[in-house]
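Remarks on the structure that follows.
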Number of protein chains: 2
Amino acid sequence: MTAVDPSAPKSAYDRSCAATASGGTDGRAIRDVLDRIGDKWSLLVIGTLRDERLRFSELQRHIPGISQRMLTLTLRQLERDGLITRTVHAEVPPRVEYELTELGATLIEVATALAEWAIARHPLIEQSRAAYDAR
Amino acid sequence: MTAVDPSAPKSAYDRSCAATASGGTDGRAIRDVLDRIGDKWSLLVIGTLRDERLRFSELQRHIPGISQRMLTLTLRQLERDGLITRTVHAEVPPRVEYELTELGATLIEVATALAEWAIARHPLIEQSRAAYDAR
DNA sequence: CCGAATCCTGATGGATACTG
DNA sequence: CAGTATCCATCAGGATTCGG
């Protein structure tokens, strides 16, 4: 399960690697997505909204350490990208709820794969770092 | 294939989401990996080394736009994390070759999934952005 | 050829104070 | 409650120069 089939046909990844640097369409796609999920909070917000529709203050409690500013900015970006929806209820005090879209839900699948890889391989990485730093 | 099963047991992703913010072990794993592949060049270098062992100058040619400095830094990080190996051949002029490790090869699999998601969903994202900006 | 060292810029993100 | 506005520190990363 670890080896990569060298005879595999050109994959999205192959195309992306050449395309990213040369500015092709696929490359922009990869860069766009990486810029989003690569930032500090987006993936965390997505994950928090996985199976709950939450309001602003609830999100802030679920994600310790996030500032109001960053939560706002992150939510705006995700909404703009169509990964979450923002619903304002006309009440006092105001109530705003955020929910994952279908598109956002599909991202969780690949994010899960990434998270599982990270958790599974992290010990090896830490070990490698320790060995490297010890030289 | 798009929907997420709400009855699914706690996944690595669930754990990671809570753990990342609270500083748990899993959370650090996710953050570490995201900090690596989320940066500008790492994933691109990994992809370029997918099925070729390349030397420094070759990498630089394969990845247009990367500076010497960033290539060096990126390679050092990846080597430290055990994702690539660095081999110095005692010759003049010097020849240094970089190669993917087994660990690095496993990363390509999840990176491919991410790349495919990005390319497949990018049109919807762009469309959503356009709609958002038009308001 | 393969870097290391230095300088410099823009972007990211935290802290804080204020508002409808 | 759910933001907005402002200021400020940090840092990734580009350009350039020098060295083994």
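Every chain is numbered from 1, with letters handed out A, B, ... down the list of sequences. Atoms considered below: every heavy atom in the structure, side chains included; atoms not considered: hydrogens, waters and symmetry mates.
A 4.5 Å side-chain heavy-atom check between A:Glu126 and A:Pro123 finds every atom pair outside the cut-off. Under the 4.5 Å side-chain criterion, counting only non-hydrogen atoms from C-beta, A:Arg121 is in contact with B:Thr106. Contact annotation: the side chain of B:Ile125 never approaches that of A:Arg80 to less than 4.5 Å [non-hydrogen atoms, C-beta and beyond].
Across the protein-nucleic acid pair, B:Gln60 atom CD and D:dG14 atom C1' stand 13 Å apart, rounded to whole Å. Summarising the geometry, the separation between CG on B:Asp39 and P on D:dA12 is reported as 10 Å, rounded to the nearest angstrom. In this structure, CG of A:Leu59 is placed 12 Å from C1' of D:dA2, rounded to the nearest angstrom. What separates CG of A:Leu75 from P of D:dT4 is a distance of 10 Å, to the nearest Å. Rounding to whole angstrom units, CG of residue B:Leu71 and P of D:dA15 are separated by 14 Å. Put simply, CG on A:Leu34 is 17 Å from P on D:dA12, counting in whole angstrom units. Atoms CG (B:Asp35) and C1' (D:dT10) sit 14 Å apart, rounded to a whole Å. As rounded to whole Å, 15 Å separates atom C1' of D:dC1 from atom CG of A:Leu54.
Taking the charged nitrogens against the carboxylate oxygens, B:Arg129 and A:Glu79 have no contact shorter than 4.0 Å, which rules out a salt bridge. Using a cutoff of 4.0 Å between basic side-chain nitrogens and carboxylate oxygens, B:Asp35 and B:Arg31 are scored as salt-bridged. In this structure, B:Arg53 pairs ionically with B:Glu97, as a charged nitrogen and a carboxylate oxygen lie closer than 4.0 Å. Under a 4.0 Å N-O distance rule, the pair A:Arg50/A:Glu52 does not qualify as a salt bridge.
In this structure, the side chain of B:Thr74 does not engage the main chain of B:Trp41 through any donor-acceptor pair within 3.5 Å. A donor-acceptor pair under 3.5 Å is absent between the side-chain atoms of B:Asp81 and the main chain of B:Leu83, judged by distance alone.
Counting any heavy atom pair closer than 4.0 Å across all strands shown, B:Arg69 reaches a base atom. The residue A:Thr72 sits close to a base: some heavy atom pair falls under 4.0 Å.
Taking the screw axis at each terminus of the helix from C:dC1-D:dG20 to C:dG20-D:dC1 from five consecutive base pairs, the angle between the two is 40° to within rounding of 10 degrees.
You can see that DNA chain C meets the heavy atoms of chain B within a 4.0 Å-exclusive cut from C:dC1 to C:dT6, reading 5' to 3'.
Nearest-nucleotide positions on DNA chain D for B:Gly38 and B:Gln68 put B:Gly38 closer to the 5' end.
Here the straight-line distance linking atom CG of B:Leu103 with atom CH2 of A:Trp117 works out to 5.0 Å at 0.5 Å rounding.
Using a 4.5 Å cut-off between side-chain heavy atoms of Ile, Leu, Val, Met, Phe, Trp and Tyr, with links allowed through other members, B:Val88 and A:Tyr132 fall into different hydrophobic clusters.
Listed by residue number, A:Arg86, A:Pro93, A:Pro94, A:Arg95, A:Val96, A:Tyr98 are the residues of residues 79-98 of chain A with a heavy-atom contact under 4.0 Å to DNA chain D.
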